[in-house]
Amino acid sequence: MASVNMTNPDANNGDVKLITSLLGRHQDFPVKDILFLDIFPILLDPVAFETLISHFMNRLFSHTIPNTPNKKIDVVVGLDARGFLFGPIIAQRLGASFVPVRKPGKLPGQCVTVSYEKEYGTDSFQLQEGSIKAGQTVLVVDDLIATGGSAKAAGELVKQCGASVAEYLFVIEVSICEGAKTLDAPCYAIVKA
Ligand SMILES: O=P(O)(O)OC[C@H]1O[C@H](OP(=O)(O)OP(=O)(O)O)[C@H](O)[C@@H]1O
Ligand SMILES: Nc1ncnc2[nH]cnc12
């Protein structure tokens, strides 16, 4: 990924401009030819962090999410590790549970497991059995979607619990990787890089 072009129709939105301006960009991290987009500078600035969370909440409250039978999100799933920065705050504000999806060997007790490919390697995800109930409506949150391998794997774990993903939320979508197209529920990203 050589350059980051703003293709988001919301690119002139003040929130989007602020969040985009604060992203760190690191060429060849963690491996050659990856332009790593770093969300941590946003968290250095409490106003920017609040702007980001409020932007997500405005998004969630400003439209009817398809496939939400009770018109509410029951569970927010955050992906290891950077999805843990945003997921619990969003869950609190929605009055929903927070459930972590973690890399192998991190969660105690019985877990469901799935392997997947991501932009720079292969990995596995686990979710604690019983943390999501059959029939629940889930929102999946992460910092970034590239190939969509991680988000899709999380969706598969949710399905294994008999629940369904209503929407996927990201701070950044690396559009060229076309990960959003691999997901079976709507996908929203604040910044399209
Ligand atoms: O769409 P994909 O191609 O799957 O890539 C996106 C995933 O890659 C990064 O996580 P990473 O696995 O590097 O884990 P980390 O948050 O622990 O650094 C990022 O936080 C997403 O979870
Ligand atoms: N380009 C990227 N920047 C940050 N995290 C990523 N995860 C996968 N691709 C990434």
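When a ligand or atom number is given, it counts from 1 through the structure's own listing order.
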Problem - Sequence neighbours excluded, every pair satisfying side chain to side chain donor-acceptor pair (under 3.5 Å) that has a member inside residues 160-174 - result: Arg59-Glu167, His63-Glu167, Glu173-Lys192

Problem - Which residues share a ring-ring contact (aromatic ring centres under 6.0 Å, His included) with Phe84, sequence neighbours left out - result: none

Handout entry: Ile39 side chain near Leu23 side chain, heavy-atom distance below 4.5 Å
Key = yes

Exercise for the section: For residues 101-113, pull every pair meeting side chain to side chain donor-acceptor pair (under 3.5 Å), keeping only residues two or more places apart or in separate chains. Expected result: Asp80-Arg102, Thr113-Gln126

Exercise for the section: Examine distances only and state if a side-chain atom of Asp142 and a backbone atom of Phe170 form a donor-acceptor pair shorter than 3.5 Å. Expected result: no

Handout entry: Heteroatom proximity flag, Phe36 to ligand 2, N/O under 3.5 Å
Key = no

Exercise for the section: Find all atoms of ligand 2 within a distance of less than 4.0 Å from any non-hydrogen atom belonging to Leu144, and give their numbers and elements. Expected result: 2 (C), 3 (N), 4 (C), 5 (N), 6 (C), 7 (N), 8 (C), 9 (N), 10 (C)

Practice task
Have a look at Arg82, Arg25, Glu119, Lys118 and point out the one with the heavy atom closest to atom 5 (N) of ligand 2.
Solution key: Arg82

Practice task
Give the ring-plane orientation class for Phe86 versus Phe56, where under 30° counts as parallel, over 60° as perpendicular and anything between as tilted.
Solution key: perpendicular

Problem - Nitrogen or oxygen atoms of Leu35 and ligand 2 under 3.5 Å apart - result: yes

Completion exercise
On a heavy-atom basis, the closest approach of Ala166 and Thr137 is CB-CG2, 3.6 Å

Problem - Test item: Asp28 side-chain N/O and Asp33 main-chain N/O as donor-acceptor pair under 3.5 Å - result: yes

Problem - Donor-acceptor contact below 3.5 Å, side chain Ser54 vs main chain Thr51 - result: no

Exercise for the section: Compute the shortest N/O to N/O distance between Asp143 and ligand 2 and return yes if it is under 3.5 Å, no if not. Expected result: no

Fill in the blank from the handout: Going by the 4.0 angstrom heavy-atom rule, the piece of His26 near ligand 2 is neither

Exercise for the section: Write down, by chain and number, every protein residue that brings a non-hydrogen atom to less than 4.0 Å from an atom of ligand 1. Expected result: Asp80, Ala81, Arg82, Lys103, Lys118, Glu119, Tyr120, Asp142, Asp143, Leu144, Ile145, Ala146, Thr147, Gly148, Gly149, Ser150

